[in-house]
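So you know, we letter chains A, B, ... as the sequences are listed, proteins then strands, and number each from 1.
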Protein chains: 2
Amino acid sequence: MTQMEIVGLGSALVDVLAHVTDEFIEGQAAAGMQKGTMALIDEKRAEALYDLLPPAIESSGGSVANTLAGFASLGGRGAFVGKIAEDQLGRVFAHDMRAMGVAFDTAPLTHGAATGRSLVLITPDAQRTMNTFLGAAREMGAEDVPLDTVRGAAVTLIEGYLFDSPGPTAAAHAAVEAAKAAGRRVAVTLCDPLCVGRHRATFRALLDEGSADIILCNEDEVRALYETEDLDAAIGALPCPIAAVTRSARGAIVVDKGRSQAIAAVPDVAVVDSTGAGDAFAAGFLFGVVRAMPLLEAGRLGVRAAARVITTVGARADAPLTEVLKG
Amino acid sequence: MTQMEIVGLGSALVDVLAHVTDEFIEGQAAAGMQKGTMALIDEKRAEALYDLLPPAIESSGGSVANTLAGFASLGGRGAFVGKIAEDQLGRVFAHDMRAMGVAFDTAPLTHGAATGRSLVLITPDAQRTMNTFLGAAREMGAEDVPLDTVRGAAVTLIEGYLFDSPGPTAAAHAAVEAAKAAGRRVAVTLCDPLCVGRHRATFRALLDEGSADIILCNEDEVRALYETEDLDAAIGALPCPIAAVTRSARGAIVVDKGRSQAIAAVPDVAVVDSTGAGDAFAAGFLFGVVRAMPLLEAGRLGVRAAARVITTVGARADAPLTEVLKG
């Protein structure tokens, strides 16, 4: 068994990316669609919504899966844990992970749900609105966690969306417990403000009990976590030693034992599709963390990785990210 | 039944697009890979080759299917005839055709082969090398041809690749016969020089017997058809009333009852991926033909449609082609 720098647990999803107008998103408000957020949908709704979409392209996705792909692209050794089905989209997902050099050995679901997919609607402002049918991804359980790999990895990364389903929640807790018992660090992504709204108590418990050492989020998510409009107050409330808070065009803030430092965004980036920006930031930032770079440098790596991803359609860069290591 | 302007018969394929180096292509020469051409492969080879590829994206493809998608994007009324399986990639293909406004009612294969796919390898020079597993596409037969729709359409478009398999060959002949008996025009795409090599006798018979009224090809294909290096001689040998010969960066030549006219390419196009350029040209050209534009204008439409497609990854433009109608 190769020792991993990061083990990430997340939703194994294939993105279905389509360009739509703002009016299209507004027209779906009654069905629960809210621009810039992720809504969980069932298979029936996924099919009905797909019928309304223009031609799409398919590209492997999933938040923590994207981060692991980016981490491997930077030269890091990572493993992904997530549930696919034994179907065509599952094979697409597995291929894309392994082709990036990410270890991916979770046993696929052999019957029942199909591989999960996220209908990602890209508006002309390059924002994305996601509608996710979890499918097989929600069938992951504690038995899928490779405990030895977790115990050996410097960081175990937990996707906040896991807490949306019972099995993945159990898997997340099992991984956190194994990592902490082995003296390893745990990183948690907050995913989106609505996810924070659904799981605020869980996230705060992970922080308060000292299980979450690293928080990865954006400014809206940390505000939602502490239910305040005051960004400084929200960041100040975080009890964990390390945090990184992304701010879109305003760059990011890294927090090192209570001390905040701002990082500017990469200037003049032609944004094509913001899908995966936060995930790519996490890849660069965690690469810096596990390679023991100063936190400010890790944050800069994250900002540069995000800038690369938003210039292409889809959640992953279409060329290796290693160039961002050059600064 | 809505009357169609064009009915197209072709291979229903999902493209799997991956960026590779020239060295990768050269390394596969022993397995029959030749840069810039299409090789037919079986499912076993498709899976072995897929394992060697970097992360990919999936996008609906198929030569004549791409042309119908482009034709609909221009505002034309078209139907596509081709065989998918009842699987996830088949649903992707059907969705993308219908979402473009293309009528697509061929009964899917309910057992046996999976939906066909083409592993499209894009080299840094934006050329593509295709490895196609036809799967369900080769199970199309004469019974799949909607004869009434063919009889009512101004043009029936036949993909040269159909002659690679017995069932699709029978479908092509049935469609040609129905179209000609109804006094309609038949267009044939030559697809690639190797395809011409495999089916020279068939293509020349279709031309000599007057079945093919319109030939769509590139300069290498027409040279291969008449086994000469002399482009003018090859074009002069074509007995059909209408032909369009694409020449990549040198534009195209349209032939109107033996009279050739050159059309310049769109200057200064940043080529990202040449996949689908010929198919898009055919869409624009045939749109001009069925709308009774002067042939030179139809050719210009084709050149502009091709220029749009090669600036995006994949065989189809990511925005409606209607802007190319503005000139």
_If you apply the rule side chain to side chain contact (heavy atoms under 4.5 Å, CB included), what do you find for A/Leu13 with A/Arg117, and how did you get there?_
CA-CA 5 Å; A/Leu13 300 174; A/Arg117 49 199 182 271; 5.9 Å; no
*Residue selection (most heavy-atom pairs with chain A, distance under 4.5 Å) from B/Ile57, B/Thr312, B/Thr115*: B/Ile57
*asked:* How close do A/Val324 and A/Arg308 get, counting heavy atoms only, and between which atoms?
replied: CG1-CG, 3.6 Å
*asked:* Report which part of A/Val14 has an atom under 4.5 Å of a heavy atom belonging to chain B: side chain, backbone, both, or neither.
replied: neither
*Give, as side chain, backbone, both or neither, the part of B/Val92 having an atom under 4.5 angstrom from any heavy atom of chain A.*
both
*Parallel, tilted or perpendicular: which describes the rings of A/Phe93 and A/Phe80, with under 30° parallel and over 60° perpendicular?*
tilted
*So which part of A/Leu53 gets closer than 4.5 Å to some heavy atom of chain B, the side chain, the backbone, both or neither?*
both
_Which atoms of A/Arg91 approach chain B - backbone, side chain, both or neither, heavy atom under 4.5 Å_ = backbone
*asked:* Show the nearest heavy-atom pair for residues A/Leu301 and A/Gly284, with the distance to one decimal.
replied: CD2-O, 3.6 Å
*Does the A/Gln28 side chain pair with the main chain of A/Met33, one donor and one acceptor, at a distance under 3.5 Å?*
no
*Look at B/Ala18, B/Pro54, B/Pro55 and state which one has the largest set of heavy-atom pairs under 4.5 Å with chain A.*
B/Pro55
